[in-house]
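Report on one structure; see the data block that follows.
Predicted model only: the values in this text are computed from it and were never measured. In what follows, every chain begins at residue 1, and chains take the letters A, B, ... in the order their sequences are listed.
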Amino acid sequence: MNKIMYLEFERCIGCRSCQAACRECGDHDAKERNYVEYVDFMESRQTYPMLCMQCKDPACARVCPANAIQITEEGVVLSAMEEKCIGCRNCTFGCPFGIPKFDFEENKMYKCDMCYDRSKHDIAPMCASVCPSDAIRFIDYDEMMQLRRKRTQMNLIEGKKPQEGNKWEYVPEFFGVYSD
Amino acid sequence: MSSLERSFYSKTSMYAFFVVLILSISVWFSTGQFKHMDMALLGYLLSSMIFAIGLTIRMCAWLLRPATHKVIHRSFKNLRTRERKNRNLKSVFITAMENIFLQKFIFKRGLYRGIQHWLISWGCIGSFAITFGLTFGWMRFDLIDPETYQIVVFNVPTMIMPAHGLLAEIIYNGLNITASLVLIGVCMAIYRRIKDNDVKVTQRFEFDILPLYILLAVTVTGLFLTVSYVLLEGFMHHYLTLIHQVTVVILLIYFPFGKLFHLPIRPLTTAVPMNYQEKVQIDTRPCHSCGAMYSNDDQISDVKGILEIQAFDLQLEDGTFLADYCPACRRRIRVMKQLNLGGPQGNPFQPIETRNGIQMSGFGKKRSEDFYEGSNESEQTTVHGGDQ
């Protein structure tokens, strides 16, 4: 697997098609494993898609007392193995990004596995394949590096990154020009 | 204890030695100083000893993991606490009944899966109980007179039964009954593994399918022994016993290192109601940021401890840990960091200043006080005056 998931939160339009697609994926049992949430509802209507980071050294697997969370050869962190998971939810609290979900009925944890049956054959995961605004992209490593470089260049042109308190100072010149 | 440990290669080998020692003593005792040893079961006895060593090694490797160790440690601490006696007893009983005996959670994953798993598990546990009972000599049948058998348990004579009674027939056929349960369950499981496309996403041959074939081989060869001596007048019986023995040895050696290892670690489920969540879906700890209930104090301190042992530094600048926040807030923290929306920097009430000097209101934000310059001082005083 040489492709990479590339998220751009700013591009999210909150349509939740990624969640609908996730529900359709094989082995997902009609439950979505990703999130679309508001960054700060009182400030703006900006939403963000959230998926598992597929950590190299996942905290969720490290805090699992049953050793139920396994990592595949490709580096995908899978949901807890159903036969081992004791349903303690340690993974939910250990994950620094709040990703794993828990099913109290069936007593098992489930999390984004990058649609393992698709991504192991370099096919885009369900969410990336449906995202209309390219907030979630499944792209080559080189393309990802190019995009990242472009973002850094933009920051360099501006001198530094905008912050919450001063982001309006970075609005381009033509934005607020009024003339009579 | 430490000097004893030094005479072994490792703690694990020490435990394995004592497990084998205790098993050997139990065999010596229950067979009356090896007088009633069943020599036909000698191969099974040796492989059972190897099975016990394998299981000990695997259990030790599992218990050494920081996460497992922490949960087990808390469980034993809670078991010793007298104030928690009621909760402990209740959680052990409920877990034993609902989770281990009835396996309700698997039935909720699907009726087919529930039936299949229940048949395999109780068939296996029953078979193991009977075979280990017989191979270690914990249980044997003595002939008192040609018409009467006596069951001897741990070399203590217990009940007497007629050799051809109903009870005797059920006991003789115990293994046939449990093997039939396993056979039905295993066939259902193999059918599901072949037919269901969903399970194919993450299944692995050596982990998910091999144990089913091993169980199938054991049950089929075992049941064919009965068929051989009941219907075929002992056709190939000797060779069949050898084949069966080989399959059982493979099963016993595979057991601690494959999928079937989930059986001995299942009792850890008791730790969930005992340590963490007394009632399902009722949380007691509020999130540090939004205040929503998401967990309980014991669990969060365990999670922090486990992460600390393994050098995960998830502490934030203000001294809180990421585990102090509910999952939703943790997701938001990550996005805020990435979008540089971490916290207000500068004056949040500052009117917006673009570079061309045009002032725009802050989209719902108040103008800062100094925007109004002189006028606000007089307003302030009047408001205060009004209050007084």
Item to check | Inter-residue atom distance A/S129.OG - A/I136.CD1, 0.5 Å rounding | outcome: 9.5 Å
Item to check | Contact winner vs chain A - B/N197, B/L307, B/I265, B/L63, heavy-atom pairs under 4.5 Å | outcome: B/L307
Item to check | Positions in residues 20-36 of chain A that reach chain B, provided some heavy atom is under 4.5 Å away | outcome: A/G26, A/D27, A/Y35
Checklist outcome for this item: Heavy-atom closest pair (B/L215 atom, B/C124 atom, distance to 0.1 Å) is CD2-SG, 3.9 Å
Checklist entry - Who wins among B/F207, B/F107, B/F321 for the most heavy-atom pairs under 4.5 Å with chain A? => result B/F207
Checklist entry - Is chain B contacted by the side chain of A/F97, its backbone, both, or neither, given a heavy-atom distance below 4.5 Å? => result both
Checklist entry - Are more than 12 heavy atoms from other residues, nucleotides or ligands located less than 6.0 Å from atom CD of B/E206? => result yes
Item to check | Contacting moiety of B/R65, where chain A heavy atoms sit under 4.5 Å | outcome: side chain
Next on the checklist: If I measure from the heavy atoms of chain B, does A/F93 come under 4.5 Å with its side chain, its backbone, both, or neither?
Outcome noted: both
Item to check | Flag, side chain of B/Q299 to backbone of A/C88, donor-acceptor distance under 3.5 Å | outcome: yes
Checklist entry - In terms of heavy-atom proximity below 4.5 Å to chain A, should B/I300 be classed as side chain, backbone, both, or neither? => result side chain
Checklist outcome for this item: Counting heavy-atom pairs under 4.5 Å with chain A, the top scorer among B/I72, B/D196, B/I333, B/L322 is B/L322
Item to check | Interface moiety of B/V201 toward chain A, non-hydrogen atoms closer than 4.5 Å | outcome: both
Checklist entry - For A/R118, is it the side chain, the backbone, both, or neither that has a heavy atom closer than 4.5 Å to a heavy atom of chain B? => result neither
Item to check | Which atoms of A/D103 approach chain B - backbone, side chain, both or neither, heavy atom under 4.5 Å | outcome: neither
Checklist entry - Between B/P273 and B/T269, which heavy-atom pair has the shortest distance, and what is it? => result CD-O, 3.3 Å
Next on the checklist: Which one wins on heavy-atom pair count under 4.5 Å against chain A: B/H69, B/R204, B/K200, B/R113?
Outcome noted: B/R113
Next on the checklist: So which residue, B/R109, B/H262, B/K104, ends up with the most heavy-atom pairs under 4.5 Å with chain A?
Outcome noted: B/R109
Item to check | B/Q203-B/R193 side chain donor-acceptor pair, cut-off 3.5 Å | outcome: yes
Checklist entry - Any chance OH of A/Y141 has more than 12 other-residue heavy atoms, nucleotides or ligands included, within less than 6.0 Å? => result no
Next on the checklist: I'd like to know whether the aromatic ring centres of B/F255 and B/F257 sit less than 6.0 Å apart in this structure.
Outcome noted: no
Checklist entry - With distance as the sole test, does B/R330 use its side chain to make a donor-acceptor pair with the main-chain N or O of B/Y325 at under 3.5 Å? => result yes
Item to check | B/Y294 versus chain A, the contacting section by heavy-atom distance below 4.5 Å | outcome: both
Item to check | B/Q315-B/T320 side chain donor-acceptor pair, cut-off 3.5 Å | outcome: no
Checklist entry - Is it the case that B/N78 and B/N275 place a side-chain donor and acceptor less than 3.5 Å from each other? => result yes
Checklist entry - Can you tell which of A/V63, A/I99, A/T72 has the highest number of heavy-atom pairs within less than 4.5 Å of chain B? => result A/V63
Next on the checklist: side-chain hydrogen bond (donor to acceptor under 3.5 Å, both in side chains) for A/E10 and A/Y48? Distances and angles first, verdict last.
Outcome noted: CA-CA 7 Å; A/E10 301 95 323; A/Y48 61 88; over 6 Å; no
Checklist entry - If every non-hydrogen atom of A/F102 is compared with every non-hydrogen atom of A/N107, which pair is closest and at what distance? => result CZ-OD1, 3.7 Å
Item to check | Side chain, backbone, both or neither of A/E37 within contact of chain B (heavy atoms, under 4.5 Å) | outcome: side chain
Item to check | B/N296-B/T284 side chain donor-acceptor pair, cut-off 3.5 Å | outcome: no
Item to check | Contact origin within A/C85 toward chain B - heavy atom pairs under 4.5 Å | outcome: backbone
Item to check | chain A contact via B/Q281 - side chain, backbone, both or neither, heavy atoms under 4.5 Å | outcome: both
Item to check | Winner by heavy-atom pair count (cut-off under 4.5 Å) against chain B, out of A/K108, A/K84, A/E105, A/R62 | outcome: A/R62
Next on the checklist: Ignoring hydrogens and geometry beyond distance, is a side-chain donor-acceptor pair present between B/Y276 and B/D302 at under 3.5 Å?
Outcome noted: yes
